[in-house]
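Numbers here are sequence positions counted from 1. All heavy atoms count here, side chains included; hydrogens, waters and symmetry mates do not.
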Amino acid sequence: MSTEPSIFERIVAREIPADIVFENDRVIALRDIAPKAPVHLLVVPKTAQYANVTELAAGDPALLAEIVGVAQQLADQHSDGQYRLVFNTGPQAGQTVFHVHAHLLGGALPEGSLGLQ
Ligand code: 5GP
């Protein structure tokens, strides 16, 4: 496991700027720097303890449930209450940041498209 702080830890610490749309004591949400949908937010637990959603589900299921709840709240505010939630898990699935995060995608997504592109 890397000892370097993840990009999301650095955003939580305000070491690098981000467009933060939600924050509480356990969760932060921000606009993705390279959006792949009209609404593309990242919903992130502040702890860097969990590299992916499998680890989070096993280690702190209540925190995973909170991520989903925040996603719905943000979809209500930024989209039409409907959304796609994606957890890339592993490099071959497109994961680049190994600090678990949900991609919240919304805004008239085309039917039958599951990928981000
Ligand atoms: P992953 O590829 O791990 O599933 O998702 C990482 C996401 O973080 C990517 O969609 C990428 O665009 C986003 N990202 C990477 N660096 C930054 C950054 O510095 N700021 C923001 N807002 N998003 C970032």
Is atom CD of Glu15 surrounded by more than 12 heavy atoms (other residues, nucleotides or ligands) closer than 6.0 Å? yes
Say you draw a straight line from CD1 of Ile7 to CZ of Phe98; how long is it, rounded to the nearest 0.5 Å? 14.0 Å
Checking side-chain polar atoms at under 3.5 Å, does Asp60 have a donor or acceptor matched by the opposite partner on Gln49? no
Do any N or O atoms from the side chain of Glu9 and from the backbone of Ser6 form a donor-acceptor pair under 3.5 angstrom? yes
If I take atom NE2 from residue His40 and atom OG from residue Ser79, how far apart are they, to the nearest 0.5 angstrom? 13.0 Å
Taking the inter-plane angle between the rings of Phe8 and His99 on a 0 to 90° scale, is it parallel (under 30°), tilted (30 to 60°) or perpendicular (over 60°)? perpendicular
Minimum heavy-atom distance between Gly107 and Pro38, given as atom pair plus value: O-CG, 3.1 Å
Here the gap from His103 atom NE2 to Asn88 atom CG, rounded to the nearest 0.5 Å, amounts to 4.5 Å
Could you grab the distance from atom NE2 of His101 to atom CG of Asn52, nearest 0.5 Å is fine? 10.5 Å
Are the side chains of Leu30 and Leu41 in contact, using a 4.5 Å heavy-atom criterion? no
Val27 versus Leu63: any side-chain heavy-atom pair under 4.5 Å? yes
Could you see if Leu42 belongs to whatever hydrophobic cluster contains Ile16? Use Ile, Leu, Val, Met, Phe, Trp, Tyr and a side-chain cutoff under 4.5 Å. yes
Side chains of Ile20 and Arg14 in contact at under 4.5 Å (non-hydrogen atoms): yes
Considering non-hydrogen atoms only, spot the tightest contact between Gly81 and Asp76 and give its length. CA-OD1, 3.3 Å
Given 3.5 Å as the limit, does a donor-acceptor pair link the side chain of Glu23 with the main chain of Ala29, or not? no
Closest non-hydrogen atoms of Arg10 and Pro5, given as atom of the first, atom of the second and distance, are CG-CB, 4.0 Å
Are any non-hydrogen side-chain atoms of Phe87 and Val100 less than 4.5 angstrom apart? yes
Please determine whether residues Leu104 and Leu109 belong to a single hydrophobic cluster, defined as Ile, Leu, Val, Met, Phe, Trp and Tyr linked transitively by side-chain heavy-atom distances below 4.5 Å. no
Glu55 side chain to Ala51 main-chain N or O, any donor-acceptor pair under 3.5 Å? yes
Would you say Val70 and Val44 are hydrophobically clustered, going by side-chain heavy atoms of ILVMFWY under 4.5 Å? no
Which atom pair, heavy atoms only, marks the closest approach of Pro110 to Arg84? O-NH2, 4.0 Å
Hydrophobic cluster membership, with links at side-chain heavy-atom distances under 4.5 Å among I/L/V/M/F/W/Y: are Leu74 and Val39 in one? yes
Is there a path of hydrophobic side-chain contacts, each under 4.5 Å between heavy atoms of I/L/V/M/F/W/Y residues, joining Leu56 to Phe22? yes
Ala57 and Pro61: which non-hydrogen atoms are nearest, and at how many Å? O-CD, 3.5 Å
Identify the two heavy atoms, one from Lys46 and one from Asp25, that lie closest to each other, and give their separation to 0.1 Å. CD-O, 3.5 Å
